[in-house]
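Presented below is the structure to which this report refers.
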Amino acid sequence: IDNRDKIRLQAVAKIIKEGPKDMVYKVSGYADKHTGSAMTNQKLSEKRAKAVYDYLVQEGVNPDQLKMEANAGVDNMFFNDACLSRVVIVSE
């Protein structure tokens, strides 16, 4: 997680902490399927999701409000750019 990501995640953490306490957010890790094997992509997407999950908890988010999932290798998700599929998305 670089410094730009930390700024974004601090904003996400603030929204979660100020929001409904019964809301659960999904932390979804992804990898693009055109790079690496299925097993490698699964591990990578898990690692990405875990890093974001841990950072949000470090920022004071209640772990009970977070659910983590790994989505292994996926087709291009955004603008037909494989690099943009190497991502973590936090959603309701």
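Heads up: numbering here begins at 1 and tracks the sequence. The figures here come from the full heavy-atom set of this structure, side chains too, leaving out hydrogens, waters and symmetry mates.
- Residues forming a side chain to side chain contact (heavy atoms under 4.5 Å, CB included) with Asp22 (at least two apart in sequence, or on another chain): Pro20.
- Residue pairs satisfying the salt bridge (Lys or Arg N to Asp or Glu O under 4.0 Å) criterion with at least one member in residues 56-65, sequence neighbours excluded, are absent.
- From Asp32, atom CG reaches atom CG of Asn41 across 6.5 Å, with rounding to the nearest 0.5 Å.
- Taking the side chain to side chain contact (heavy atoms under 4.5 Å, CB included) definition, one finds that Lys26 meets it with Ser28, Glu69, Ser91, sequence neighbours left out.
- Here Met39 sits alone; no ILVMFWY side chain lies under 4.5 Å from its own, so it joins no hydrophobic cluster.
- By the 4.5 Å side-chain criterion applied to Ile, Leu, Val, Met, Phe, Trp and Tyr, Ile16 is assigned to a cluster that also includes Ile1, Leu9, Val12, Met23, Tyr25, Val27, Val52, Tyr53, Tyr55, Leu56, Val57, Val61, Leu66, Met68, Val88, Val90.
- Across all their heavy atoms, Ala31 and Ser45 have their closest contact at N-CB, 4.1 Å.
- Partners of Lys50 by salt bridge (Lys or Arg N to Asp or Glu O under 4.0 Å), not counting sequence neighbours, listed by chain and number: Asp54.
- To the nearest 0.5 Å, the span separating CG on Asn3 from CZ on Arg8 amounts to 11.0 Å.
- Applying the side-chain hydrogen bond (donor to acceptor under 3.5 Å, both in side chains) criterion to Glu46, with sequence neighbours excluded, gives Gln42.
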